[in-house]
Every structure is written in structure tokens, then in C-alpha cells.
Engineer: 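First the structure, which I've put down as C-alpha cells, then a few questions once you've had a look.
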Amino acid sequence: HSYVYIAIKIAMKYLKKYTLLLLILLCNQQVFAQYDIKIEISDSKDTALILGHYYLDKTYAIDTAWNKNNTFTFKSKDKKLDSGIYFLSNLNGRFVEIMLQNEKKVRLKTKEENWNKFMQVKSGSQELKAYYEYMQNTEQIQERAKTLIDQKVEKEVYDKEMRALSLVNDSIKNSFIEKYPNYLLSKVFNATKPIAIPDFPMPKKEDGTADSAKWNSQRWYYYKNHYFDNIDLSCAGLLRTPKMVFFQNYNRYWEEVMKYERTDTIIEYAHKVIAKAKDSKAMKRFLIHNITERYLQSPYMGHDKIYVELIKAYYETGIADWVSPSDMEKNIERAHKWENILLGKQVPDLACMDSANVWHSTKDCNKDFKIILFWSPGCGHCSVEVPKYDKFYKEKKDIYSVEIFAINTESDLEAWKKFIKEKDLQWINLNGLVANYDWREYFDIEKTPIMFILDKNNTIVAKNVPADNIEQIIKAIKEGRFAF
């Protein structure tokens, strides 16, 4: 639990000096409701204890209690503690965890010698008592394991003993799950279980040999579809558990399992995952916000479609009713803009004047690929990327049948013309100040450089491709290897 120690150590470093400020800040947090927790620690040497909780991959302090005759009381009349794993910590990082599931009044008693080992629940739910019973049983297992290490027994003996202890631990867990299937600790145990993939029979190719590729595909499809079988996404308490219980497994799904899936597949599975929250408002809120924000920030081309579809499904319909009116409007407006410029969308012909006041339009271009490049001479990143695009254009334009419409986005026309001359830009250089429609609004140009690759029909086939990768992408498109 080093992550808890580090978080608490930092948070508590200035506690004595800034006690009043800390208490004010804690009182201003509008997170939790009605709770009364009292813990008696015989012969306690601590002046104060901190009540904190886990949330996703972080830990947070909630309340502070001072030592009064070896007793520490955490109390609030108007805040509640939502279901989750909490911890009581001293100023040096020593802590004991406490699992709460809609608890309001809790009375605990323990000894300074070992908080966890001697913990007694004087008042609290049967589930809370069972939680400490389990924790104390596992502590005995850990003590036995430590003894084996200290005794430096032979490896064969050590391995045999550890396997036996592991079986005992699994038995204790399974008994707990069977007895308290709806308790949060049972959800925690299940969430950390790996997915059991069935032993599919090996398919055969037409020539009778084993088709290992198809077999691996079957296993992967099952794993992907059953990833959350052991994780109860209708249990909001999992949000407030150590990161290795829920968050790491949840995050791995999007960052690894779904990483190379097509956008439509990711959208399909996003809806499936959100639906698993069922009636849990807190979990549904987390899932909708997290997945939407995840693909808003995604660096991968085409993932903007996922964001657009999620905004349409959950924001526009009013399901995400916790979102402020201003954020709701901002997200819906952005989604409407982005919907026009998704991969596969056809854009209207764009026409602008060049430096000699001659009009040029994308509809007059019959090349296989038409690249619209929005840039400006005053943009630092443009000064790096534009020469690279220019190099590709001069060397490969005829090989791949490419034309580039480079549109200046700034009003300093002299600087624009100077840059063109200095860099010898021979593509179609256009002054974006004069155009047949508001391209800045349509293409959502808030920064530069921004580029779109269109086919002959003005359909977007790629966008925002770094200059170093542009040949690779265009080649893949021509060869039919680029799908979205």
C-alpha cells in the first residue's frame, strides 16, 4: 500500500502548521453525507487521525479527528459516505482500511500494537464485521508467509507452503462471496478474478491443418465480449476502491483491448459498457463522462466520431443531466461541428483567391487526392511542418496524383507572401480571408496547422496527418489498407 503512504505523507506534511486551513477546506468539500464513526485505540500515541477514501487511481482526505482519551470521532450531520473502501491514517502514514456500504454509525475498537489484527466492530453492519474477520484471517496467512521467509526454508518447501496458503486464501474468499454475494468486498474479490476463456476446439483449415489464427481470434473475441463479466458495473462502490481493483482493469479495456478496434466497434462496445451500469447513477455518470472525455482527447485519427456519437446519445438526449448548461451547450455545439468533418464525410467545394486575386476551387481539381492545408506564417509549428509537406509535394505529387490547397489563416498578407517566396512553395497558395464560405467555422479551425485529405469526390479520407507520415497514409489508402 505504498501509494496510500505516499499520498497521505504528502497531505499530512503540513497538517500541524495549517490545521485550521485544512479543516476549512475539508468542510467545504461537497462530496459526502451523515456519518458518525468512532474508533477507540488503546494506548494510542497519535494526536490526530485522517479519514480518507480511494477514488479511481487516487486517494483523498475527507475529515480529521483529534485524540480524546484514545478515541477519535469523525462526524457530519449533513454529509454521507458513499459505498467504498476508506482508510484511517495517522500523520506518519500508518493506516487501516474500513469498508463502508451505506453505513451511518460505526463504532470500532482496536489496540495500538496492531490496528488491523485487533479490530473489533462494536457497532456496525454484519458485513462490516465479516470484512474485518476476513482481513484478520488473511493477516494470519501473511504472518505465516513472513515466517517462511524469515526462516529461510528451502525453495521446494517454501513453494509448497505458499501454494497451500494460496488455496486457503482462495477458500476464504469463495466462502465470503457465497455468504455475502451483494456485499462490496465480494464485488472486489470478483473484480480481481481473471476471465476464464473456454477451451475452444482447434478449427481446421481446408487442407486439414490447424487454423491457429482463427482459434486465437475466437479466444480474443470471447475475452473482449466477456471482459466485464467479473466486474459489476452496477456497483458504484467499486469506484472508491484501490486502483488495482477497478480502475486499472477498467482502463486496460480501453487502452489495450479496444486500442486497435475500428471506431464503429468502439462505439458499439461503449454503449454496451454504459448499459451495464443499469440503475447506478454514480457509475453511469462516471462511465459516460470518462468514455466521452477519453475519446475527446484521443490522439488517434477517427476517434472524434466516437465522441460525436456519445454526445448525441447521452448529452443531446438529456441522459447526462448532471452536466451544467454551459458545458452541455459547449459539447453539443462541438459535436455538431465535428460531425461535418468526420472521416467519410463529403465537404462542400472550397474556393479562395491566390496572391494574384485569381480564384481556385477544389471542384476544379481532378487529382486523386486533394489536400486542404490550413496554416499561417506566424505559426511556430507550421514553420516546421509546412516545409515537410512541401518536400512531399514536390517529390511525390505526380506519383500519388496529389494537389495541395494551402490556405493562409492570418491577415498579414505580406508575411504570407514572403514565406511563400522564401520557401518556394509551388502548390496552390490561397488567401483564406476571401472565400466562398466560412471555412474557419465549418472545419473548426482554432489552431494551425490543420489538414484534410480529400478524394476526387471531396470525401474526407484522412486528416491531421503529420508530414512525416503523409506518404505512408496516402499509399495505404490507394492500396485499400486504410479503413475507418
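These values consider heavy atoms only, across backbone and side chains, with no hydrogens, waters or symmetry-generated copies.
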Engineer: So, the side chain of Ser186 versus the backbone of Tyr180: is there a donor-acceptor pair under 3.5 Å, distance only?
Structural biologist: yes
Engineer: Is there a donor-acceptor pair under 3.5 Å between the side chain of Thr138 and the backbone N or O of Met135?
Structural biologist: yes
Engineer: Check the angle between the aromatic planes of Phe176 and Phe189 and answer parallel, tilted or perpendicular using the 30° and 60° thresholds.
Structural biologist: perpendicular
Engineer: Could you go through Tyr314 and His271, starting from their C-alpha distance and side-chain angles, then the distance that decides it, and tell me whether this counts as ring-ring contact (aromatic ring centres under 6.0 Å, His included)?
Structural biologist: CA-CA 10 Å; Tyr314 301 105; His271 290 316; 5.5 Å; yes
Engineer: Decide yes or no for Gln248 and Asn251: does some side-chain heavy atom of the first lie under 4.5 Å from some side-chain heavy atom of the second?
Structural biologist: no
Engineer: Mark yes or no for whether Thr110, through its side chain, and Trp115, through its backbone, hold a donor-acceptor pair below 3.5 Å.
Structural biologist: yes
Engineer: For the side chain of Gln101 and the backbone of Leu184, is there at least one donor-acceptor N/O pair under 3.5 Å apart?
Structural biologist: yes
Engineer: Checking Asp63 against Tyr35: is there a side-chain donor and acceptor pair closer than 3.5 Å?
Structural biologist: yes
Engineer: Quick check on Lys179: does its NZ atom have over 12 non-hydrogen neighbours (other residues, nucleotides or ligands) under 6.0 Å away?
Structural biologist: no
Engineer: Are any side-chain N or O atoms of Thr317 and backbone N or O atoms of Ala313, one a donor and one an acceptor, separated by less than 3.5 Å?
Structural biologist: yes
Engineer: If you count every heavy atom of other residues, nucleotides or ligands that lies below 6.0 Å from Lys214 atom NZ, does the total exceed 12?
Structural biologist: no
Engineer: Please work out which of the three classes, parallel, tilted or perpendicular, describes the rings of Tyr250 and Phe286, given edges at 30° and 60°.
Structural biologist: tilted
Engineer: Does the side chain of Tyr132 come under 3.5 Å of the side chain of Glu97 through a donor N or O and an acceptor N or O?
Structural biologist: no
Engineer: For residues Tyr55 and Phe247, establish whether the separation of their ring centroids is below 6.0 Å.
Structural biologist: no
Engineer: My understanding is that only residues two or more places apart in sequence, or in another chain, count here; which of them pass side-chain contact (heavy atoms from CB on, under 4.5 Å) with Gln120?
Structural biologist: Lys122
Engineer: So, for Leu185 and Tyr131, which heavy atoms are closest and what is the spacing to 0.1 Å?
Structural biologist: CD2-CD1, 3.7 Å
Engineer: If only atom types and distance count, is the side chain of Asn67 paired as donor or acceptor with the main-chain N or O of Asn70 below 3.5 Å?
Structural biologist: yes
Engineer: Indicate the ring-plane relationship of Tyr269 and Tyr253, choosing parallel, tilted or perpendicular according to the 30° and 60° boundaries.
Structural biologist: tilted
Engineer: With a sphere of 6.0 Å drawn around NE2 of His289, does it hold more than 12 non-hydrogen atoms of other residues, nucleotides or ligands?
Structural biologist: no
Engineer: Can Lys111 be said to sit on top of Phe118's aromatic six-ring, NZ or CZ under 6.0 Å from centre and within 45° of the ring axis?
Structural biologist: yes
Engineer: Return the minimal non-hydrogen interatomic distance between Leu238 and Asp232, and the atom names on each side.
Structural biologist: CD1-O, 3.4 Å
Engineer: So does Met451 get a backbone contact from the side chain of Asn464, meaning a donor-acceptor N/O pair under 3.5 Å?
Structural biologist: yes
Engineer: Under 3.5 Å, side chain of Thr292 to main-chain N/O of Ile288, donor-acceptor pair present?
Structural biologist: yes
Engineer: Of Asp304, Ile473, Ile371, Ile453, which is the lone residue that meets side-chain contact (heavy atoms from CB on, under 4.5 Å) with Lys463?
Structural biologist: Asp304
Engineer: Which atom names give the shortest non-hydrogen contact between Glu339 and Lys312, and what distance separates them?
Structural biologist: OE2-NZ, 2.9 Å
Engineer: Mind running ring-ring contact (aromatic ring centres under 6.0 Å, His included) on Tyr307 and Trp338 for me, showing each step along the way?
Structural biologist: CA-CA 9 Å; Tyr307 167 79; Trp338 286 12; 5.3 Å; yes
Engineer: Ignoring hydrogens and angles, tell me if any N or O in the side chain of Asn169 forms a donor-acceptor pair with the backbone of Leu165 under 3.5 Å.
Structural biologist: no
Engineer: Show the numbers, then the answer: is there a ring-ring contact (aromatic ring centres under 6.0 Å, His included) between Tyr400 and Phe369?
Structural biologist: CA-CA 8 Å; Tyr400 295 108; Phe369 297 98; 7.8 Å; no
Engineer: Are there more than 12 heavy atoms of other residues, nucleotides or ligands under 6.0 Å from atom CG of Asn69?
Structural biologist: no
Engineer: A side-chain contact here means heavy atoms from C-beta on lying under 4.5 Å apart; do Thr192 and Met244 qualify?
Structural biologist: no
Engineer: Mind telling me whether Tyr295 and Trp254 have parallel, tilted or perpendicular rings, with 30° and 60° as the class edges?
Structural biologist: perpendicular
Engineer: Are Ile39 and Val106 close enough that some pair of their side-chain heavy atoms sits under 4.5 Å apart?
Structural biologist: no
Engineer: Can you confirm whether more than 12 heavy atoms, excluding those of Gln136, are under 6.0 Å from its CD atom?
Structural biologist: yes
Engineer: The test is side-chain hydrogen bond (donor to acceptor under 3.5 Å, both in side chains); show your working for Arg252 and Asn249 and say whether it passes.
Structural biologist: CA-CA 5 Å; Arg252 186 182 300 118; Asn249 289 320; 2.9 Å; yes
Engineer: Using the rule given for side chain to side chain contact (heavy atoms under 4.5 Å, CB included), can you reason through Phe392 versus Glu471, listing the C-alpha separation, both sets of side-chain angles and the distance that settles it, and then say yes or no?
Structural biologist: CA-CA 7 Å; Phe392 163 79; Glu471 181 178 8; 3.9 Å; yes
Engineer: Any donor and acceptor pair, going by atom type alone, linking the side chain of Asn90 with main-chain N or O of Asn92 inside 3.5 Å?
Structural biologist: yes
